[in-house]
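Here is the structure we will look at, set down as structure tokens.
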Amino acid sequence: MKKILYIIFSMFIIFVGCKKEDANPIENSEGNDYFPNNNGNRYVYTIIKIDSTGAQTEGTRTTWYEGTANFNGNNYQNEHDSIVITNQQPVTNITHFRKTSTGVYYFVDTTGLYQSIPDSLLNYVTISNEIQPFAFPLDDGKKWTVFRLDLNYGPLTLTLIDVQGTFEGKENVTLNLDSGQKTVEAAKVKYELTLKAVNPLNPLLQITSKYNTYAWLAPGIGVVKWEGNATLPNAISGSGVDFSDSTTTITTTLKSYTIK
């Protein structure tokens, strides 16, 4: 069982390693571009993590867009991330995303993902080849599947990883930017991650875990804040996932940005 838990968690880590976008931003139906994606855009965020003991660690995340890549016939933009957390090794990575009028899609490298799955389960697994963290337009009632991994076992289909996104309305978010305090009206998105670990000898035996987090996107800027269980935003940021303490929370807030 521990092996299967590790495999599923590893797959989710890979899920958030990827984000990319097309060369030209496409505005949603409200006339607001919630995810500006020009090459040269740069964002710096503060990171605050609090574990179950109340211990707090801080750091920064720097994100910028530069270059393109092609996978499976789709053109993606390159997102570069540099994450520095106190008393931890710095993390750098490159992910790939594309943007259309319907949302933002991150490329998933399923090669390594499939290699991590036991041979006994390989023929039964179906994996999304992209992650959709944002769906446009962001309007009332909007709900979508961000990512899922299914185990097809005979007549049964078990969803081992399911991430659902829901638009929850708009809120004012006050940012303490390096240039001064600024309040923006942002779209709020809720993410619910459901993980199911199964026994390969009996797929009906399952352990289910759920994690929630939130993102706020401001028109003309992009993502200004993440807050919630550290599992999901950590993975999306490319910093990895630590399931040893599932009660850890994280807040990532924009402190400076440059839009080209």
Side-chain angles (χ1 to χ4, degrees), residues 12 14-43 63-81 93-111 113 126-150 161-170 184-193 213-226 232-233 235-238 254 257-260:
F12 181 67
I14 295 172
F15 134 49
V16 283
C18 2
K19 283 196 278 194
K20 296 285 172 181
E21 205 167 330
D22 295 336
N24 298 311
I26 299 175
E27 296 184 350
N28 65 18
S29 62
E30 296 177 300
N32 296 321
D33 184 4
Y34 283 102
F35 200 88
N37 60 303
N38 291 327
N39 281 327
N41 284 4
R42 187 179 183 89
Y43 304 86
T63 298
W64 67 99
Y65 306 144
E66 181 180 352
T68 60
N70 186 285
F71 299 100
N72 300 327
N74 289 321
N75 292 320
Y76 294 87
Q77 280 181 255
N78 296 331
E79 176 180 312
H80 302 257
D81 289 288
N93 69 306
I94 300 176
T95 57
H96 313 278
F97 70 88
R98 63 187 182 91
K99 189 172 84 173
T100 73
S101 59
T102 60
V104 177
Y105 302 84
Y106 292 81
F107 170 71
V108 179
D109 184 0
T110 57
T111 302
L113 192 52
T126 303
I127 306 171
S128 300
N129 60 7
E130 288 186 317
I131 300 146
Q132 187 182 3
F134 309 118
F136 303 139
L138 290 171
D139 52 19
D140 292 343
K142 173 73 76 174
K143 185 173 183 178
W144 67 98
T145 297
V146 177
F147 179 84
R148 66 183 292 164
L149 183 151
D150 294 329
I161 301 176
D162 181 45
V163 184
Q164 294 292 318
T166 305
F167 171 65
E168 293 212 330
K170 296 180 181 179
V184 297
E185 183 182 63
K188 182 180 180 181
V189 177
K190 176 184 177 180
Y191 298 94
E192 183 174 74
L193 162 66
T213 196
Y214 297 85
W216 287 262
L217 299 87
I221 300 176
V223 178
V224 296
K225 185 177 179 180
W226 286 97
L232 185 53
I236 290 177
S237 70
L254 187 67
Y257 64 95
T258 301
I259 305 295
K260 296 293 186 179

Are [X] and [Y] close enough that some pair of their side-chain heavy atoms sits under 4.5 Å apart?
| X | Y | result |
| --- | --- | --- |
| V104 | I131 | no |
| F147 | Y191 | no |
| K260 | W64 | no |
| H80 | T63 | no |
| E66 | N78 | no |

Exercise: identify the closest heavy-atom pair between [X] and [Y]:
| X | Y | value |
| --- | --- | --- |
| T100 | F136 | O-CD1, 3.9 Å |
| F167 | A187 | CE1-CB, 3.7 Å |
| I259 | Y43 | CD1-OH, 3.3 Å |
| G73 | N70 | N-OD1, 3.4 Å |
| N39 | G67 | OD1-N, 3.6 Å |
| V224 | A186 | CG2-CB, 4.4 Å |

So how far is it from [X] [atom1] to [Y] [atom2], rounded to the nearest 0.5 Å?
| X | Y | atom1 | atom2 | answer |
| --- | --- | --- | --- | --- |
| R148 | I161 | CZ | CD1 | 11.5 Å |
| K190 | Q164 | NZ | CD | 11.0 Å |
| F107 | N74 | CZ | CG | 9.5 Å |

Between F35 and F134, is the ring centre distance below 6.0 Å?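 Yes, they do, as the ring centres are separated by less than 6.0 Å.
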Backbone N/O of R42 and side chain of T258: donor-acceptor pair under 3.5 Å: no
Does the side chain to side chain contact (heavy atoms under 4.5 Å, CB included) test come out yes or no for V189 and L217, once each step is laid out? CA-CA 8 Å; V189 177; L217 299 87; 4.0 Å; yes
Applying side-chain hydrogen bond (donor to acceptor under 3.5 Å, both in side chains), name anything that partners [X], two or more places apart in sequence or on another chain.
| X | result |
| --- | --- |
| K188 | E171 |
| Y214 | none |
| N41 | none |
| N72 | none |

Derivation of the side chain to side chain contact (heavy atoms under 4.5 Å, CB included) call for E130 and Y76: CA-CA 11 Å; E130 288 186 317; Y76 294 87; 2.5 Å; yes
Side chain to side chain contact (heavy atoms under 4.5 Å, CB included) evaluation trace for D150 with D162: CA-CA 9 Å; D150 294 329; D162 181 45; over 6 Å; no
Applying side-chain contact (heavy atoms from CB on, under 4.5 Å) to Q132 and not counting sequence neighbours gives Y105, A135, W144
